[in-house]
Amino acid sequence: MADHVPRKRIRKVLIANRGEIAVRILRGLHEMGIRGAVIYSEPDRLGLPVLLADEAWPIGPAPSRESYLRGEAIVELAVKIGADAIHPGYGFLSERAGFARLCRDAGITFIGPSPEAIDAMGSKVESRRLMIAAGVPVVPGGKDPLPDLDAAAAAAETIGYPVMLKAAAGGGGKGMRMIPSASELPSSYRAARSEAAASFGDDSVYLEKYIENPRHVEIQVMGDLHGRVVSLGERECSLQRRHQKVVEEAPSSVVGPDLRRRMGEAAVKAAAAVGYSNAGTCEFLLDRNGDFYFLEMNTRLQVEHPVTELVTGIDLVQAQIRVAEGEPLGPEFDDVQPNGHAVEVRLYAEDPWQRFAPSPGRIEMLRWPDGPGVRVDAGVYEGSEVSIYYDPMLAKLIVWAADRERALNRLDRALSELRVEGIRTTVPLFKALLADPDFRSGNLDIGMLDRKLAAGELHPVADASDSNELADLPLIAAVLAHHDLAHRQTATGPATPAASHRSRWGTAGRRGAVRGGSWS
Ligand code: MV4
């Protein structure tokens, strides 16, 4: 095929992000022999990305607006330091078409889709219109903004209650309202419009059929600059708390080869309709009948991308770099099928038993799990300060095994190895979920976690790793035994050759005692 996509070798990338995703991108770059530069705000000056990067540049004070969201300053910096490309990660500037345009105008490769594709998918009403035209299944409903209450009432009757009111400019559930019957429409319509105006500066709303207790299943796609888009399969993301994903898996236990192919084809059609390139994700609602509906497309690399990497063997960050350079997708992207099962949990600095209250502070002690099938994508290390300025996600723990049952057992094992002290984390919630029969059986829907939390169905699980005293018992026993042995040896003979070891055991024992708080 004769096309004219310029190949532009990327030798240095500026990462316009922080935390675990900045680290993840650095790792991808370093394995390709590409230099990675990072920006950092004042509280992030000692962050893990700064420690691992080839270059680190200060970008401003803590507030994102004055640091990680300074699009023009970031593009100027990229030009100044001779970076060929910018990787935006997720959040911050990643889905701002204006930023992608600034990059383009400055001759910097934006590692992501074109500004036109970001724009097309950015407006929910506009993307819905495009998807309908392209033959992608969307939730039944009117595709046009509703000018007044009469229009809303007529539309609701046509669709049939229950219906869902959504903000045209919205996303993430803001300004969204379920309306069970006609009597509730007037108040909800008015409330939704003013909420939409306040949140998005645009009060247009539209109506859809309300899908009851669906799953949230999303398809990872990858497109190159030569017009080829492929599906890399689904992720099951139904376990959410207030629109915040908590656990993600690949594959979904309810998606078989036929549904996977059909959802993949729909996602590819959606992406192709906007001329999509690079990594992207099509979100679908999957109902009890196995019908699926396109919700929106996330035009970025997502937090949960590792579960897809583990079941496909494809490094998504490296694929992003390659396609941004103008490389066509290679044969490894032909008919990708999942192998085994991967599960990711997001570790937040929040107390799950105190209504997820933020728990900032210094990580006094940290021991990551390891061993077969365990991956940790972390943005922190022992001694890190967790500030209140940014998303409180510390790390992602991802496991892979041959099947779901084994993956969950492995996750349980890994969580038991994990120790975090100094701050509270969501680890106990995952332990509780692993003990929950509905989660274990894979019987999930988007409301399940909120329902279980509200009903108090998830309880703290008694586990050695929850209690410093219990977790330290083997260590304490070992210290005592060694101490005893050392005393006997010094009493009966020459100094033991293990003197240096003895002092380290002593240090470990004292540290354990300080942590436990019950020894002095
Ligand atoms: C829906 C829905 C049910 N029916 N639309 C929430 C965020 C936004 N992206 C779309 N959302 C939903 N739209 C209809 N017609 C239920 C949700 C929804 C949801 C969707 C995906 C993941 C989690 C969710 C949690 C609550 C509600």
Side-chain angles (χ1 to χ4, degrees), residues 90-91 95 121-129 131-132 136-146 152 155-156 158-181 184-185 188-189 192 195-196 199-200 202 204-220 234-249 252 254-255 263 267 270 280-300 302-304 344 346 356 439 444-454:
Y90 51 70
E95 295 189 277
M121 288 299 186
S123 155
K124 298 309 140 196
V125 170
E126 175 61 12
S127 71
R128 233 181 104 82
R129 210 192 311 274
M131 292 309 113
I132 292 166
V136 176
V138 300
V139 184
K143 54 183 172 181
D144 301 310
L146 302 157
T158 311
I159 295 164
Y161 289 94
V163 294
M164 191 80 140
L165 253 183
K166 293 187 175 184
K174 254 193 189 165
M176 199 174 75
R177 271 192 160 67
M178 195 275 274
I179 304 165
S181 65
E184 271 108 316
L185 184 67
S188 289
Y189 176 79
E195 203 175 310
S199 302
F200 311 111
D202 174 354
S204 354
V205 296
Y206 67 102
L207 272 173
E208 285 178 0
K209 178 79 188 162
Y210 175 66
I211 309 296
E212 279 175 80
N213 300 327
R215 287 170 178 254
H216 175 172
V217 176
E218 59 188 30
I219 300 281
Q220 175 72 53
E234 82 283 2
R235 289 186 288 260
E236 165 68 67
C237 305
S238 296
L239 268 178
Q240 314 213 354
R241 180 183 162 270
R242 302 183 177 178
H243 304 293
Q244 178 92 265
K245 290 171 188 144
V246 172
V247 181
E248 303 102 343
E249 311 180 29
S252 167
V254 295
V255 177
M263 292 185 80
T281 299
C282 292
E283 293 189 358
F284 294 93
L285 289 178
L286 176 64
D287 74 14
R288 305 262 149 177
N289 308 320
D291 291 323
F292 58 90
Y293 310 96
F294 175 91
L295 272 183
E296 53 192 80
M297 184 170 190
N298 299 313
T299 55
R300 59 165 193 275
Q302 288 194 262
V303 175
E304 59 271 28
E344 171 180 286
R346 299 184 182 192
F356 295 84
F439 175 66
L444 321 170
D445 69 71
I446 57 173
M448 178 175 131
L449 185 54
D450 288 323
R451 279 197 311 275
K452 284 191 181 286
L453 288 168

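Order of listing sets the numbers, starting from 1, for every ligand and every atom in it.
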Asks: Return the option from M164, K209, K166 holding the heavy atom at the smallest distance from atom 15 (N) of ligand 1.
Replies: K209

Asks: Quick one: look at M178 and ligand 1, take heavy-atom pairs under 4.0 Å, and tell me if it's side chain, backbone, both or neither.
Replies: neither

Asks: Can you tell whether the side chains of R288 and E212 come within less than 4.0 Å, N to carboxylate O?
Replies: no

Asks: List every atom of ligand 1 that sits less than 4.0 Å from any heavy atom of L285, numbering the atoms from 1 in the order shown and giving each element.
Replies: 1 (C), 2 (C), 3 (C), 4 (N), 5 (N), 14 (C), 20 (C)

Asks: Less than 4.0 Å is my threshold; does some heavy atom of E212 fall inside it relative to ligand 1?
Replies: no

Asks: With a 3.5 Å distance limit and no angle check, can you tell me whether Y293 reaches the backbone of I211 through a side-chain donor-acceptor pair?
Replies: no

Asks: Give the numbers and elements of all ligand 1 atoms closer than 4.0 Å to a heavy atom of Q240.
Replies: 22 (C), 23 (C)

Asks: Which of these, S252, C282, C237, sits in a side chain to side chain contact (heavy atoms under 4.5 Å, CB included) with E218?
Replies: C237

Asks: Please identify which atoms of ligand 1 are closer than 4.0 Å to at least one heavy atom of V139.
Replies: 15 (N)

Asks: Can you name the residues that form a side-chain contact (heavy atoms from CB on, under 4.5 Å) with P145, not counting sequence neighbours?
Replies: V125, S204

Asks: If we only count N/O pairs under 3.5 Å, is M176 in contact with ligand 1?
Replies: no

Asks: Could you tell me whether some N/O pair between H243 and ligand 1 is separated by less than 3.5 angstrom?
Replies: no

Asks: Mark yes or no for whether D287, through its side chain, and N289, through its backbone, hold a donor-acceptor pair below 3.5 Å.
Replies: yes

Asks: Please say whether E208 places an N or O atom under 3.5 Å from an N or O atom belonging to ligand 1.
Replies: yes

Asks: Would you kindly check if the NZ (Lys) or CZ (Arg) of R128 is within the cone defined by 45 degrees around the ring axis of Y206 and under 6.0 Å from the six-membered ring centre?
Replies: no

Asks: Listed by chain and number, what are the side chain to side chain donor-acceptor pair (under 3.5 Å) partners of T281, not counting sequence neighbours?
Replies: R235, Q302

